[in-house]
Asker: 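This is the structure, below, for whatever I ask next.
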There are 2 protein chains.
Amino acid sequence: MVTMSDVARLAGVSTMTVSNVVNNRPGVSGPVRTRVQEAIRQSGYRVNTSARTLRSGRTGVIGLAVPEIGRSYFGLLAAHVIEQAGRLGFHVAVEQTGAAADGELDAIAHSHTLHFDGLILSAVGLDSRDRRLAEADYPIVMLGEQDYGGRLDHVAMPNEEGTRAATAHLIERGCRRVAVVTGGALEGVNVVTRRYQGYLAAHADRGLTPDPALRFAVTAMSPEGGRDAAHRLADSGLAIDGVVCVTDTVAQGVLRGLADRGLRVPDDIRLVGYDDIPEAAMMVPSLSTVAPDHRWMAATAVELVVGRIHDGGRPASEHVAPFELMARESTR
Amino acid sequence: MVTMSDVARLAGVSTMTVSNVVNNRPGVSGPVRTRVQEAIRQSGYRVNTSARTLRSGRTGVIGLAVPEIGRSYFGLLAAHVIEQAGRLGFHVAVEQTGAAADGELDAIAHSHTLHFDGLILSAVGLDSRDRRLAEADYPIVMLGEQDYGGRLDHVAMPNEEGTRAATAHLIERGCRRVAVVTGGALEGVNVVTRRYQGYLAAHADRGLTPDPALRFAVTAMSPEGGRDAAHRLADSGLAIDGVVCVTDTVAQGVLRGLADRGLRVPDDIRLVGYDDIPEAAMMVPSLSTVAPDHRWMAATAVELVVGRIHDGGRPASEHVAPFELMARESTR
DNA sequence: CAGCGCAACTTTATCGATACACAAAGCTCT
DNA sequence: AGAGCTTTGTGTATCGATAAAGTTGCGCTG
């Protein structure tokens, strides 16, 4: 392994000068700089990240904790985060939490242990009631959840607003009995409750109160969960002509489940999702959905962690992503 | 920050003893071990990975380079790799190559720089002709490609066999003119050429020679690329009653593109993909496809890198994943 | 009971890069 | 001409953990 002193010897300077050249620091004259660069090229020298980290205390790595990287939505998010972090000179290590609060707290602990400079946590299990979150004195940015009591930086999705717009869209297209396929626990403040609120709000805006029987909870936030919910929905015998889904991933399963029961979308039932995963436009029928600006979210989250890495004392801030309603075939 | 000497002082032993306890090494008596563990608990000590790495030369991180983590297939793969690596005490850093040979070579260089202990490279651009690959004296495992001249460890998919089975399946279901939607470059030895060979082989097995006009190349290995190919296919006026797709991701787009032209699957055209991404079972109609054992692939790849990390001199080996043909609605 | 073997700890010297203090040379200005 | 600056560069101590080479002390054998 080639070290800095090897390069220094080759260039006839001190290691400090090599370090200064490598890090683009001032105080090195043109000729010497060139000579050192040439020595680096010749010797094939590469900085040893561990040594640098040990001395400087920075690793240049940001942790990204998501429930499951295999789900389109999180994969997409990760792709954007990796890209944005790279732009600012950071690397990304992905952690999977398994969509459980324990896994999410583990990720925080782990992040510490591995000396990531900061952590972007896309939590679905944790909520604002968990005190352990605030205890971590560490650059953490919450991504995609709502309301952490202002103690942490937070990039939120327009959960309530988005679902409200999606529900309104269905009603405007003539749906009279709109069901909602939502997550399990309807307590606390989280993505599930906020989106459910949006569904209720859209009805309230029009002086309507949806029948509580129209709420179907999934057992898991997966296509399988959605499929199952759709079966129950179809078998309920209720006259339903529209469905709002908590996520596109669930909507995928719902679409499939409705097909299983011979129900056609949008002819018999209209369907709308949330997230605008890449598959949404490719589904048959293509899925109408709420499209938050993922790239914006990733960029903002990365900027926030990096900002906090450089200045830990900054007060926490909250940012809500802009969104667009994508009207596609499933609500035509 | 709590260091080892802090713990040592607290427990009244030397740092070396603390190190021995932390790493579960022998030579520490029961009582002392307990005392040190208690001191660790009390002080909240965590090992500094950088210092350990600097001294021991191992980082405990495996790089995983994929074209695009946002694509279902690679997300799924990553999920399995992360899980398997964790089981063996390794962490995973994800790199995106952008499906280009340059990006893939960059990832190798990067992997070196960041001192990952090894690299799992899911290459689509590089092929066996690239000499620069073999030059890297470093634990690299190729994942999902075919034939690197035996210089590198390699976990391959049953590309030819799988596509052959898929094509045979279509023919057995009564398809007479089976088109193939494949990748752009049909030269060298790569995933695209191997699968195309499988398509030809299935025909040859039955004494058939497919019409060359039935080959449609995508501009990109994406749903969009597939959709576009399907449009060209439908507009060609050729009597086609079956389509073999190079990947499920492409098949997703093909299904969509056929729907755009009013063609029904499987009534008018039967369709089969490759990969068995999670969405395949959820599509409408659900997609028949070749399902290689992803978990097996990830586990094997991780075992190979870790093995090579511990013993660099081992000769390279090649492993082909088992597969299953999933017959679903799209070929009913 | 000398002396060997072994388990249980400790000491010391590093791994490679960098912060910091300091030195030498060149330049300006009164 | 020499004080005061700036520019450019050099030593040295250090980050935290660990491999390797000591140092105890104790039991056991011949």
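Only a predicted model underlies this, so the values are computations on that prediction, with no experimental measurement involved. Within every chain, numbering begins at 1; the chains are lettered A, B, ... in the order of the sequence lines, protein sequences first and strands thereafter. Hydrogens, waters and symmetry mates play no part in the numbers below; they use all other heavy atoms, side chains included.
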Asker: List the residues meeting side-chain contact (heavy atoms from CB on, under 4.5 Å) with A:T15, not counting sequence neighbours, and say none if there are none.
Answerer: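 Testing A:T15 for side-chain contact (heavy atoms from CB on, under 4.5 Å), a comparison that skips the adjacent residues, returns A:S5, A:A8.
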
Asker: Side-chain donor or acceptor of B:R52 under 3.5 Å from a matching atom on the base of D:dT18?
Answerer: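 There is none.
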
Asker: Which residues satisfy the salt bridge (Lys or Arg N to Asp or Glu O under 4.0 Å) test with B:R308, sequence neighbours excluded?
Answerer: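 Partners of B:R308 by the salt bridge (Lys or Arg N to Asp or Glu O under 4.0 Å) criterion, ordered by chain and then number, come out as B:D153.
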
Asker: List in numerical order all residues of residues 27-35 of chain A for which some heavy atom is under 4.0 Å away from an atom belonging to DNA chain D.
Answerer: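 Only A:G27, A:V28, A:S29, A:V32 qualify.
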
Asker: Provide the full list of ring pair (Phe, Tyr, Trp, His ring centres under 6.0 Å) pairs with a residue in residues 9-41 of chain B, sequence neighbours left out, each pair given once.
Answerer: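 Those involving residues 9-41 of chain B do not exist here.
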
Asker: Using chain A heavy atoms and a threshold of under 4.0 Å, write down where along DNA chain C the contacts begin and end, 5' to 3'.
Answerer: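 Both ends considered, the range comes out as C:dG16 to C:dC20.
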
Asker: Over how many whole Å does the gap from B:N24 atom CG to D:dT18 atom C1' extend?
Answerer: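 Spelled out: CG on B:N24 to C1' on D:dT18 is 16 Å.
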
Asker: With rounding to the nearest 0.5 angstrom, report the CG to OH distance, B:D275 to B:Y73.
Answerer: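 Reported value, rounded in 0.5 Å steps: 5.5 Å.
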
Asker: With A:L10, which residues qualify under side-chain contact (heavy atoms from CB on, under 4.5 Å), at least two apart?
Answerer: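 So A:L10 forms a side-chain contact (heavy atoms from CB on, under 4.5 Å) with A:A39, A:Q42, A:S43.
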
Asker: For B:N48 and D:dT18, give me the distance from atom CG to atom C1', rounded to whole Å.
Answerer: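 Distance check: B:N48 CG to D:dT18 C1' gives 13 Å.
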
Asker: With sequence neighbours excluded, give me every side chain to side chain donor-acceptor pair (under 3.5 Å) pair touching residues 25-35 of chain A.
Answerer: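 Passing the test, one end in residues 25-35 of chain A: A:S19-A:R25, A:N20-A:R25.
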
Asker: Which residues, if any, of residues 1-19 of chain B bring a heavy atom under 4.0 Å of DNA chain C?
Answerer: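 Of all residues in residues 1-19 of chain B, the ones placing a heavy atom under 4.0 Å from DNA chain C are B:V13, B:S14, B:M16, B:T17.
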
Asker: Excluding sequence neighbours, so at least two apart, what forms side chain to side chain donor-acceptor pair (under 3.5 Å) with B:S56?
Answerer: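 Result, side chain to side chain donor-acceptor pair (under 3.5 Å) vs B:S56: none returned.
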
Asker: List the residues meeting salt bridge (Lys or Arg N to Asp or Glu O under 4.0 Å) with A:D293, not counting sequence neighbours, and say none if there are none.
Answerer: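 Here no residue qualifies.
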
Asker: Anything under 3.5 Å between a donor and an acceptor, one on a side chain of residues 77-88 of chain A, the other on a protein residue two or more places apart or in another chain? List them.
Answerer:
unit_1, atom_1, unit_2, atom_2, d
A:E83, OE1, A:R295, NH1, 3.4
A:E83, OE2, A:R87, NH2, 2.9

Asker: What pairs with B:F74 under ring-ring contact (aromatic ring centres under 6.0 Å, His included), at least two apart in sequence or on another chain?
Answerer: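 Checked B:F74 against ring-ring contact (aromatic ring centres under 6.0 Å, His included); zero matches.
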
